[in-house]
Amino acid sequence: MAESSGGRATKDGAVQSVDRAAAILELLATAGELGVSEIARELGVHRSTAFRLLATLEAHDLVEQEERRGTYDLGVGLLRLAGRVTRRMDIATDARAVCDDVTAEVDETSNVAILDDGAAVNITQTTSSQLVGVARQYVGQRTPLHATSTGKMLLAHAGDEVLATVLEGPLEVCTDRTITDPAALREELATIRRRGWAAAVAEWEQDTNALAVPVHGTGGRVVAALSVTAPSFRMVPEAFEEIAAVLTRHAAGLSARLGA
């Protein structure tokens, strides 16, 4: 395949094919069933080109052909893809309500994070009303798995491939308390699995502590982590077990909503 000097595929390459395939899906979503000639006309391509694109999409169940009329419509494969997005949206909606309840009880900032491509991603947050608290907005932020309470909880229950990638490092130094030794991190993760909660004591941000517990989905799989974050002078290690019990109670409710 020819490429330009900037590394982008030329107009005859794969990038344009992807663009055209996406355009077909958009057309069918808007207009409903369309024939090959209609699609080719809308795309401004030869009929044979449109047919090849449709054949590829059909092979992945993204479009399907109505045999009697010879037209094409969106395929059931899109439902499979949409299902993943819907589940994420459901988690975010239910998680927000649980964060509201947690923060109402402990008056500290609460978050729910999920594992996404080697990072913990916060999907919702409720901020405390404390005069001195954690007001930073974490929603949408990618945080390190080895240095945050949610990250460590998710990593403790992640697959071997994810764990191996993180342990291969290098482990980023966020503060002077960050765990950067792979052996120490592995031991920490074993402790987290045994006791059921994870803590980050000024490991990602100075003067800030956080505590997280697992949220389970169908089949008991850990799908998220529920956490509380607070200034270190107010959430001291001696209080971790008590706070963990509160989080575990609320996490159980969220897990039930998610089908655990």
Side-chain angles (χ1 to χ4, degrees), residues 88 90-115 120-141 143-158 177 179 188-260:
R88 280 191 164 192
D90 289 344
I91 291 176
T93 300
D94 292 335
R96 179 54 193 260
V98 171
C99 283
D100 287 346
D101 291 342
V102 170
T103 296
E105 182 169 346
V106 302
D107 201 13
E108 300 291 358
T109 295
S110 59
N111 296 272
V112 168
I114 61 173
L115 180 65
V121 178
N122 293 283
I123 60 173
T124 192
Q125 171 177 317
T126 301
T127 306
S128 76
S129 62
Q130 297 274 12
L131 186 61
V132 178
V134 178
R136 180 175 174 179
Q137 182 57 251
Y138 295 106
V139 176
Q141 185 169 3
T143 60
L145 294 177
H146 69 289
T148 60
S149 63
T150 52
K152 286 195 281 185
M153 176 54 68
L154 293 168
L155 183 59
H157 296 279
R177 301 291 298 273
I179 298 174
E188 171 86 348
L189 297 176
T191 298
I192 289 168
R193 286 189 288 269
R194 184 175 64 253
R195 72 187 178 195
W197 52 269
V201 182
E203 294 170 44
W204 184 44
E205 297 177 308
Q206 294 285 3
D207 305 318
T208 301
N209 291 347
L211 197 69
V213 300
V215 174
H216 300 273
T218 55
R221 183 171 58 91
V222 173
V223 296
L226 171 65
S227 71
V228 163
T229 305
S232 55
F233 73 85
R234 197 163 58 233
M235 192 166 80
V236 296
E238 291 76 15
F240 283 177
E241 286 196 17
E242 181 180 352
I243 296 170
V246 173
L247 284 174
T248 299
R249 173 163 43 84
H250 286 282
L254 179 55
S255 296
R257 296 186 196 187
L258 298 177

(message) For a side chain to side chain donor-acceptor pair (under 3.5 Å) check, start with the C-alpha distance between S110 and T103, then their side-chain angles and the critical distance, and finish with the verdict.
(response) CA-CA 6 Å; S110 59; T103 296; 2.8 Å; yes
(request) Test side chain to side chain contact (heavy atoms under 4.5 Å, CB included) on T126 and R96 and set out the steps. (result) CA-CA 7 Å; T126 301; R96 179 54 193 260; 3.4 Å; yes
(request) Output, in order, the C-alpha distance, side-chain angles, deciding distance and verdict of side chain to side chain contact (heavy atoms under 4.5 Å, CB included) for L155 and I192. (result) CA-CA 10 Å; L155 183 59; I192 289 168; over 6 Å; no
(message) What verdict does the side chain to side chain contact (heavy atoms under 4.5 Å, CB included) test give for E108 and I243, after you've listed the backbone C-alpha separation in whole Å, the side-chain angles of each residue and the deciding distance to 0.1 Å?
(response) CA-CA 11 Å; E108 300 291 358; I243 296 170; over 6 Å; no
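Summarising the local packing, CD of E241 is surrounded by 12 or fewer heavy atoms from other residues, nucleotides or ligands at distances under 6.0 Å. Environment of CZ in R249: crowded, with over 12 heavy atoms of neighbouring residues, nucleotides or ligands closer than 6.0 Å.
For the atom pair L145 CG and L189 CG, the distance stands at 9.5 Å (nearest 0.5 Å).
Remark: side-chain polar atoms of Q141 are not paired, donor with acceptor, to backbone N or O of V139 under 3.5 angstrom. The closest donor-acceptor contact from the side chain of D107 to the backbone of S129 lies under 3.5 Å. The main-chain N or O of G140 is never found under 3.5 Å from a side-chain atom of N122 such that the two would form a donor-acceptor pair. Judged by distance alone, with hydrogens and angles left aside, the side-chain atoms of R221 form no donor-acceptor pair with the main-chain N or O of V223 at under 3.5 Å.
When side chains are defined from C-beta on, V98 does not count as touching V112, because their heavy atoms never get closer than 4.5 Å. Using a 4.5 Å heavy-atom threshold, the side chains of N209 and F240 count as touching.
Minimum interatomic distance between A113 and A120 (heavy atoms only, all atoms of both residues): CB-CB, 4.4 Å. Among all heavy-atom pairs drawn from H146 and E203, the shortest one is O-OE1, 4.3 Å. Nearest heavy-atom pair across L226 and L247 is CD2-O, 3.6 Å. The two residues A251 and P214 have their closest heavy-atom pair at CB-O, 3.5 Å. Closest approach of L211 to M235, counting heavy atoms only: N-CE, 3.9 Å. Residues M153 and A198 come closest through the heavy atom pair CE-N, 3.6 Å.
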